[in-house]
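In what follows, a single structure is set out as structure tokens and then discussed.
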Amino acid sequence: RVRIAVGDGGGRQLGGQAGIRQRVAPGLVERLLQVDARQILDHLPGLQRVLTFGQVIGQVRVDLPVGSRVDQYEIIRELGRGGMGQVFMARDTKLGRVVAIKFLTRTGEAFIRRFLVEAQATARCTHENIVVIHEANTFAGHPYMVLEYLEGEPLSKILKGRTLSPSRAVEIIVPVARALIRAHQFGIVHRDLKPDNIFITESGIVKVLDFGVAKLFGETDDVVEAKT
């Protein structure tokens, strides 16, 4: 089973069936409600286009229950969600490893094309302090990337209610600087570096998250279209 929530691009869900009917051709919702969830997912790209108006891109959240499949990946549980997307823990059924799958909240053909280009560029930028991207693809018209699964906590959680010593702050920021230097050598700029995007693993390794993705979310759809 897959539950679909359709938004208007401004972070608001449309108000039930009546709200959707105000923006969708007459009879479309009724037809969609008569089919099962997988058939609805097959219609998802077309539904997104119908809900697009002006420069606002419709947002679609796909809730994946435990045991469901995204290509070769079996969903274990949801790890969290934020302004850029949802993250799930999953098992790679081909290689037997645990990974993290991040679904992005934005859609649209131009955005997806740009996303795939940025993900490929970031995947080539290998460094011990940059999270590894295993794959980038789409599922039911929704872009996602497969990342190495990290155990630990973000710097934002570590900083809650405490102050780091100067020596500990240096221990963390030096690997971050190395990651940024490596990314800049590949022409990649993060654009959203913050404690939430700095992760400390249980073994003490510092990882910078969301390279490329942050850049995409900082662009307007006009800019994305113009560059593709």
Side-chain angles (χ1 to χ4, degrees), residues 1-7 9 11 37-49 51-52 57-126 130-151 154 188 190-192 196-197 199 207-219 221 224 228:
R1 294 180 302 168
V2 181
R3 180 163 59 86
I4 302 172
V6 181
R38 292 192 181 276
Q39 288 175 293
I40 293 177
L41 283 178
D42 290 339
H43 289 80
L44 202 52
L47 182 59
Q48 291 168 359
R49 286 193 292 272
L51 291 173
T52 299
I57 301 297
Q59 295 183 352
V60 178
R61 188 183 75 236
V62 179
D63 292 332
L64 300 168
V66 175
S68 59
R69 293 283 291 268
V70 176
D71 296 329
Q72 72 193 55
Y73 306 100
E74 182 180 13
I75 299 299
I76 298 174
R77 64 185 175 91
E78 183 175 353
L79 296 174
R81 62 182 62 187
M84 289 186 182
Q86 297 169 252
V87 182
F88 296 86
M89 179 194 293
R91 183 176 67 90
D92 186 334
T93 59
K94 288 185 178 180
L95 299 179
R97 61 186 174 187
V98 175
V99 298
I101 300 181
K102 182 162 191 170
F103 279 88
L104 304 190
T105 56
R106 288 182 58 176
T107 60
E109 293 180 2
F111 177 81
I112 290 175
R113 288 198 303 270
R114 183 69 175 167
F115 157 74
L116 292 174
V117 170
E118 291 290 349
Q120 291 168 1
T122 305
R124 290 194 295 268
C125 180
T126 57
I130 297 177
V131 66
V132 176
I133 298 178
H134 296 306
E135 181 184 354
N137 210 331
T138 60
F139 175 72
H142 208 64
Y144 73 87
M145 61 176 62
V146 181
L147 311 165
E148 65 173 315
Y149 174 70
L150 302 174
E151 293 186 336
I188 299 171
H190 195 292
R191 293 181 64 170
D192 191 30
D196 279 338
N197 288 330
F199 197 91
K207 293 276 188 175
V208 180
L209 314 179
D210 280 345
F211 271 103
V213 177
K215 179 180 179 181
L216 282 174
F217 275 73
E219 295 179 335
D221 298 311
V224 172
T228 54

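- Heavy atoms only, all atoms of each residue included: Ala100 and Val87 are closest at CB-CG1, 4.2 Å.
- Note: Asp210 CG to Lys102 NZ = 3.5 Å, rounded to the nearest 0.5 Å.
- A pairwise comparison of heavy atoms in Pro143 and Thr138 identifies CA-CG2, 4.1 Å as the closest pair.
- For the atom pair CD (Gln120) and CD1 (Ile133), the distance works out to 10.0 Å, reported to the nearest 0.5 Å.
- Applying the salt bridge (charged side-chain N to carboxylate O under 4.0 Å, His left out) test to Glu78 and every residue at least two apart in sequence or in another chain returns Arg81.
- For residues 138-150, the pairs satisfying salt bridge (Lys or Arg N to Asp or Glu O under 4.0 Å) are Glu148-Lys207, with sequence neighbours left out.
- Counting only heavy atoms from C-beta outward, the side chains of Met145 and Thr122 never approach each other to under 4.5 Å.
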Should Phe115 and Leu104 be marked as a side-chain contact (heavy atoms from CB on, under 4.5 Å) after you check the CA-CA gap, both sets of side-chain angles, and the distance that decides it? CA-CA 9 Å; Phe115 157 74; Leu104 304 190; 3.4 Å; yes
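- For residues 133-145, there are no salt bridge (Lys or Arg N to Asp or Glu O under 4.0 Å) pairs, not counting sequence neighbours.
- Between Tyr149 and Met89 the shortest heavy-atom distance is OH-CE, 3.0 Å.
- Listed here is the closest heavy atom pair of Ile188 and Cys125: CD1-CB, 4.1 Å.
- Annotation: side chain to side chain contact (heavy atoms under 4.5 Å, CB included) contacts of Val66 (sequence neighbours excluded): none.
- Between the His190 side chain and the Leu209 main chain, a donor and an acceptor come within less than 3.5 Å of each other.
- Contact annotation: the side chain of Asp71 approaches that of Asn137 to within less than 4.5 Å [non-hydrogen atoms, C-beta and beyond].
- In this structure, the side chain to side chain contact (heavy atoms under 4.5 Å, CB included) partners of Val70, at least two apart in sequence or on a different chain, are Leu64, Ile75, Phe103, Phe139, Tyr144.
- Between Val146 and Tyr73, some side-chain heavy-atom pair lies under the 4.5 Å cut-off.
- Pairs engaging residues 85-98 under the salt bridge (Lys or Arg N to Asp or Glu O under 4.0 Å) rule: Glu74-Arg91, Asp92-Arg97 [sequence neighbours left out].
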